[in-house]
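Quantities reported herein were computed from a predicted structural model and do not represent experimental measurements. Positions are given from 1, in the same order as the sequence printed here.
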Amino acid sequence: MQAMYATGPRQEDKTFYEFRTYTIKPAMMSDFLKLTKENIHLRTAHSELIGYWTLEYGGLNKVFHIWKYDNFAQRAAVRAKLSQDRDWLDKYLLKVLPMMDKQDNEVTYLVPWCKLQKPEKEGVYEMVSFQFKPGGPAVWGQAFRAAISTHVNTGYTKLVGVFNTEYGLLNQVHVLWWNESADNRAAGRHIAHEDARVVAAVRESSRFLENQKNLLMLPTQFSPMK
């Protein structure tokens with residue numbers, strides 16, 4: 001049973017997801033989104049964009065996007081091609097760089113017991129990031145999976161993906177949820193907090209938790225996930 005939560009099975013699948021977070025100059029957010037909308041096709045010609053969001057709660061003047069790669073060789077090849085793509089450089093990158101204050105990225109894998117789910121209709125997204133005690137999924141994986149499952153079973157929210165960080169802050173897991181609206185999410189949370197099964201599972205998982213953070217995000221007009 002323990003092998004299910006070891007790092008080995010996760011790493012057998014070479015597919016990974018790059019998380020990118022950009023902090024935009026406050027006065028430039030509208031221009032940034034407009035320029036990105038007009039030119040995102042130049043970037044998606046090279047690799048798959050999973051979703052692109054603006055942060056509504058939990059962070060200001062930030063955008064967050066997820067890119068899928070088959071392996072590290074593919075990402076390296078994509079970066080090399082982009083560096084030679086004059087349309088990408090001249091029409092977008094050189095114009096957008098002065099609009100940004102900061103860029104961050106992480107490399108993540110889907111945990112072995114979760115497949116990426118794409119919502120069928122528009123909504124809002126919540127990204128919950130958990131920082132666990134050292135030891136990896138072999139230590140906290142079973143309790144964490146049980147906590148996630150109990151939330152899924154309440155039915156108030158839909159699980160999009162569970163991602164374990166490979167490069168970035170280690171022992172960190174990001175859980176991406178979809179909700180119809182922020183109000184529906186709030187109402188569902190109140191109900192979940194009264195569910196004894198959820199309370200028990202979360203209490204067990206929290207034994208391994210250092211801290212957590214959540215963000216509410218809105219999909220952009222050009223985001224594949226709506």
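Partner W67 forms a side-chain contact (heavy atoms from CB on, under 4.5 Å) with one of I50, N105, T44 and no other, that one being T44. The ring-ring contact (aromatic ring centres under 6.0 Å, His included) test with H65 singles out one residue from W53, Y17, Y22, and that residue is Y22. With F130 as reference, F144 is the one residue of W140, F144, F208 to meet the ring-ring contact (aromatic ring centres under 6.0 Å, His included) rule.
Side-chain contact check for N179 and T157: at least one donor-acceptor pair (N or O, by modelled atom type) lies under 3.5 Å. Inspection of the Y167 and T108 side chains reveals no N or O donor paired with an N or O acceptor under 3.5 Å. Defined by atom type and a distance below 3.5 Å, a donor-acceptor pair is missing between the side-chain atoms of N164 and H174.
Classification of the F19-F163 ring pair by plane angle, with boundaries at 30° and 60°, yields perpendicular.
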Item to check | Derivation of the side chain to side chain contact (heavy atoms under 4.5 Å, CB included) call for R43 and W88 | outcome: CA-CA 7 Å; R43 179 62 184 81; W88 168 252; 3.4 Å; yes
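Across G51 and S223, no two heavy atoms sit closer than the pair CA-OG, 3.5 Å.
From M99, atom CE reaches atom OG1 of T23 across 15.5 Å, with rounding to the nearest 0.5 Å.
L42 is listed as a side-chain neighbour of K91, based on a closest heavy-atom distance under 4.5 Å. For the pair S181 and N184, the minimum side-chain heavy-atom distance is below 4.5 Å.
At most 12 heavy atoms of other shown residues, nucleotides or ligands fall within 6.0 angstrom of atom NZ in K158.
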